Amino acid sequence: MLTVERFVATQRQLLSLEQDEETEQSRDLLHGQSAKELEKDGVCVTKLYPAAIATGLYGRRVLKLTREGLPNHSFSSGDIAGVCHKDLTIVCEGIVSKVGKESISVAFETFSEDVLQLNKVCLLKLTNSVTYSRYVSCLKRIERNENDLIEKLLSDDIKVAPPNPNPSSVTYYNNNLNSGQKAAVKLTLERPDLAIIHGPPGTGKTTTIVEVVRQHVTRGEKVLVCAPSNIAVDNLLKKLSSTNSVVRLGHPARVNVHLQHLSLDAKLKDLDEDNILGDVRKDIDLALTSRGYKAGNKGGDYRGNKNVGELRKELRERELKAMKQVLTSSQVVLATLTSAGKEGPLGKLPDNHFSVCVIDEASQALEVACWMGLLNAKKVILAGDHLQLPPTIKSDKAAKDGLSLTLMERLLNTIKNPDEVCITLTEQYRMNDLIMRWSSEEMYRGALTAHPSVFNHLLKDLEGLENTEITSRPLCYIDTAGSALHETLLGVSRGNTGEAKLVVEYLAGLKEAGLRESDMAVITPYNLQIEFIRTEMRGQFKEVEVCTVDGFQGREKEAIVISMVRSNDAGEIGFLSESRRMNVAVTRARRHVCLVGDSLTVRRDAFLGRLVEYFTHHGLVKSAFEFGLEGVVDDAVVQSTEDFDSHKAETDEAPTKNASQTATQQEKTFKQSSLEMLEEFKNSDRNDETIPLPGLNSYQRRTIHVLCEELGLFSSSSGSGTQRVLLVSKKPMETKEKDGDEELSKKTENPAGCDETSSTRVGASTTSASDTQSHESYTLTVNESPSNLLVCQQCGKRVPKTNMELHLVHCKPKTFSTNSSQNQKHPKSGSSGKKKAQNKPVQPRTDDDLDILDEAASSRLSCPVPGCKNRCISYIAPCRFCSTCHCSHHQMPEVHGCGEAARRAAHQPTARVSARQQTQNKSRLKQALKDKQKERTKKKK
């Protein structure tokens, strides 16, 4: 049974686990690593020097740190950072206020003048420990039962108050609200204590919240508007800026630049006492200047003095006195949830100052964070979507024990009749109907509908865009299966360099079609992949945003490219299985969304399998091979197909929601039908026929190749792209290659390059009439001997297949006493030398070793393919199947007759270390170095 005491005790325990996990991760990151190593991780910037210092941001000290060629980093406005020595000893802490190409500005509440004495400093990103202390203070307030909502909402049997019996008429400020949005506004006005607005993607949740706030202000009520992130608060502030008496709490460095005039610090500046406050600031700057500091001057005395401290104390007292005046006169106050506690400016107000607390994105915040806002009012309105992003929790144990359960989700599961206090918005204004339909069916029971204005809008409808294959389709799936674009593990994050290149190629296609860079974005679940993609861009896509799903919540773009990253033999997908994250990623797109991933990996998960199936069925399907980015084909792809079918049969037992077959069923059907077709073809009398199979994807062609090998049939592919055709035959198929004016016909035979019944010399399965007249036959036959041995008909010796060519070079049969090199031209011989070589009989050699070397060297002068007069190239290695050197035209095994051997060798499993294994080995080595570093002891001075 849930009680106040039990709730407080449980939350304290879970928050302690979360804080310990975050502290441990931060300690592991900093421990044993130098500033240079942290700079590679993007959490530190070294070799910065103070360029300027001023009193800005409403009384705070702002230090500008610069460096030529600022490296890649993860600092952004609002981050907590520490200015420290090169040994990472922190001097003072502040908040990043501005990030430029060659500078980072940091604002300080309390500033240490010792920083100015340093020639070079480091900037280190720090964790925020203040948040947890504020959570603990909030739990103490709940324990003291300071609000009537505590007993009501912390109960197993939540009983909400009945609606107002006589609701007043509503005059809407926004006349474009649909019926669902108007019903949501009415619900919030009628409910005296609790109301919930469930807003799926693109349904106008923020627009509805703005109308709700304005309606309550019209009734003379003071409203507190909260959200878990600064971006969400600024989004609401932008739309409420026209409302009278609006103020935004929080550090000015965390507020949008265009909205800083609505912050509390800016409001204080607009008071009549601003002139006095301005004089105090000038006195502070003058006092600092008198101590000798100027930008670039390293000879002054920067030690603090009592005069500066007294002036700052006076400035703070005057600002705190004016703060209460600004907050009391404001009708709407906006703040993040962590800024809404009594420790901040709201602590200066009485307990019953606010009538309503509106919490946007309530499904993304911890429950204790929501209590920090709602304890300030007697009525709460929750807005969000519990089927989108959950709160970010680092401790797996804390998340499993209940910290991931949000207030909104708990209330919807606990209230007996949630429809009494909750309304769901169903008409969306963002996505094309095909993009929306997948999300609607998977997450919202098919309740969503697309507004006519967006029902069928596409990229080609935008001004200046071409009507191409991509711009005319809302969905596109690029399958990387079989292309060896494997994932990489570095530290705790993952990436996929092949997918990164593919994503950039796709962005280039969108840009070539006329789409602006500001209208497209890339979403990927891993930070390492973000770095890979940005590296591949190399500055050519400066306005294309690349971020994680968490960083793109609540936003939208015309085109979204999703890089799924995961591609491994084990079928591991990690937190890609979190359906809510994928729901957010897909629904950020308005007109076009492209999904890039390995189907053989992601289809191991039932949810992602249905996503891939939906894109395959309703969208444009491409392969990584079409972009020319395939790597070495991994044999594990072929070997894992049967495991994949059996695994899917076990995990996908639930019936599908529509009449179409699932991906697994379709693949089984294709494999079975292909097997029946090939068996029928094999048993038929059509010996000379070839079956063309066009229109197959890479996976289907691979399946046909494997089945043909099992049945003893021959298969090959020709063409490229969508015109690629697979050919199946009972006999080895002929390929034709023109060499000068002659056309040679070659057939793929056994791995040794010779037919098992009879054939000519390796590399040519047929011999022209002119060749048989000038040379006596030296046909090889197979007697009743092991399959890996051939018997030379000339000398009767048994020779391994792979050594037959070398044997032919120095074999001296009775019927073949002259060396074939007599009829070949020596490259350095003139015409007279040619005649002598033709008329002079061959003298027997006394030294067998020299004879063998001479004949071997002579045989390498010209290509052994009949009719070819080109010279062999000495620096090209012999063929691995027939051990024979060829000219540049015939060096490929498929050209000179070893195609069948090459095909079979390609199907053999190879022992190689994958990219994933290499990365794991590097990680183990790095960890071992860290462990050894810890064991080292410094010498005592």
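As the structure is a computational prediction, the values presented were derived from the model and not from experiment.
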Just wondering, more than 12 heavy atoms not from [X] lying within 6.0 Å of its [atom1]?
X      : atom1 : result
Asp148 : CG    : no
Arg144 : CZ    : yes
Asn145 : CG    : yes
Ile231 : CD1   : no
Lys98  : NZ    : no

Interatomic distance, [X] atom [atom1] to [Y] atom [atom2] [nearest 0.5 angstrom]:
X      : Y      : atom1 : atom2 : answer
Glu556 : Thr587 : CD    : OG1   : 10.0 Å
Thr548 : Arg581 : OG1   : CZ    : 8.0 Å
Tyr526 : Ile530 : OH    : CD1   : 12.0 Å
Ser395 : Glu18  : OG    : CD    : 6.0 Å
Leu346 : Asp351 : CG    : CG    : 11.5 Å
Lys239 : Leu237 : NZ    : CG    : 12.5 Å

Just wondering, do [Y] and [X] contact through their side chains at under 4.5 Å, heavy atoms?
X      : Y      : answer
Asp234 : Val255 : yes
Ser229 : Glu361 : no
Lys557 : Arg588 : no
Arg141 : Lys342 : yes
Val210 : Tyr173 : no
Glu367 : Arg410 : yes
Glu545 : Arg555 : yes
Val358 : Leu236 : no

Can you name the closest pair of heavy atoms from [X] and [Y] and give their distance?
X      : Y      : result
Ala195 : Arg191 : CB-CB, 4.3 Å
Leu403 : Gln11  : CD1-OE1, 3.9 Å
Leu126 : Ala81  : CD1-C, 4.0 Å
Cys226 : Leu224 : SG-CG, 3.7 Å
Ile209 : Ala383 : CD1-CB, 3.5 Å
Leu139 : Arg12  : CD1-CG, 3.4 Å

What residues form a side-chain contact (heavy atoms from CB on, under 4.5 Å) with Ala589, not counting sequence neighbours?
Ile435, Ile560, Val593
Between [X] and [Y], is there a donor-acceptor pair closer than 3.5 Å when you use the side chain of the first and the backbone of the second?
X      : Y      : value
Ser330 : Val333 : no
Asn413 : Glu409 : yes
Thr414 : Leu411 : no
Thr10  : Phe7   : no
Ser155 : Lys152 : no
Thr328 : Lys324 : yes
Asn147 : Leu149 : yes

Applying side chain to side chain contact (heavy atoms under 4.5 Å, CB included) between Cys422 and each of Ile415, Ile197, Ile196, report the one that passes.
Ile196
Residues [X] and [Y]: side-chain donor-acceptor under 3.5 angstrom:
X      : Y      : value
Asn583 : Ser439 : yes
Ser137 : Glu343 : yes
Arg214 : Ser242 : yes
Arg248 : Asn256 : no
Glu22  : Tyr132 : yes
Lys379 : His216 : yes
Asn376 : His353 : no

Stepwise side chain to side chain contact (heavy atoms under 4.5 Å, CB included) test for Leu154 and Ile142
CA-CA 10 Å; Leu154 292 179; Ile142 296 175; 4.0 Å; yes
Starting from the C-alpha separation in whole Å, work towards a yes-or-no answer on salt bridge (charged side-chain N to carboxylate O under 4.0 Å, His left out) for Lys205 and Asp360.
CA-CA 9 Å; Lys205 174 176 56 66; Asp360 189 19; 2.9 Å; yes
Option from Asp385, Thr424, Thr203 for which side-chain hydrogen bond (donor to acceptor under 3.5 Å, both in side chains) with Tyr444 holds
Asp385
Hey, mind stepping through Val4 and Glu143 against side chain to side chain contact (heavy atoms under 4.5 Å, CB included) and telling me if it holds?
CA-CA 7 Å; Val4 176; Glu143 199 171 21; 5.5 Å; no
Asn178 and Gln181: side chain to side chain contact (heavy atoms under 4.5 Å, CB included), yes or no, with the steps?
CA-CA 5 Å; Asn178 58 42; Gln181 293 169 332; 3.2 Å; yes
Begin with the C-alpha distance, continue with both residues' side-chain angles, and end with the deciding distance and a verdict on salt bridge (charged side-chain N to carboxylate O under 4.0 Å, His left out) for Lys378 and Asp193.
CA-CA 7 Å; Lys378 58 184 180 182; Asp193 52 1; over 6 Å; no
For Val247 and Leu327: C-alpha separation, side-chain torsions, deciding distance, then whether side chain to side chain contact (heavy atoms under 4.5 Å, CB included) applies.
CA-CA 8 Å; Val247 63; Leu327 294 176; 4.1 Å; yes
Hey, mind stepping through Glu221 and Arg219 against salt bridge (charged side-chain N to carboxylate O under 4.0 Å, His left out) and telling me if it holds?
CA-CA 6 Å; Glu221 298 175 326; Arg219 297 188 175 192; over 6 Å; no
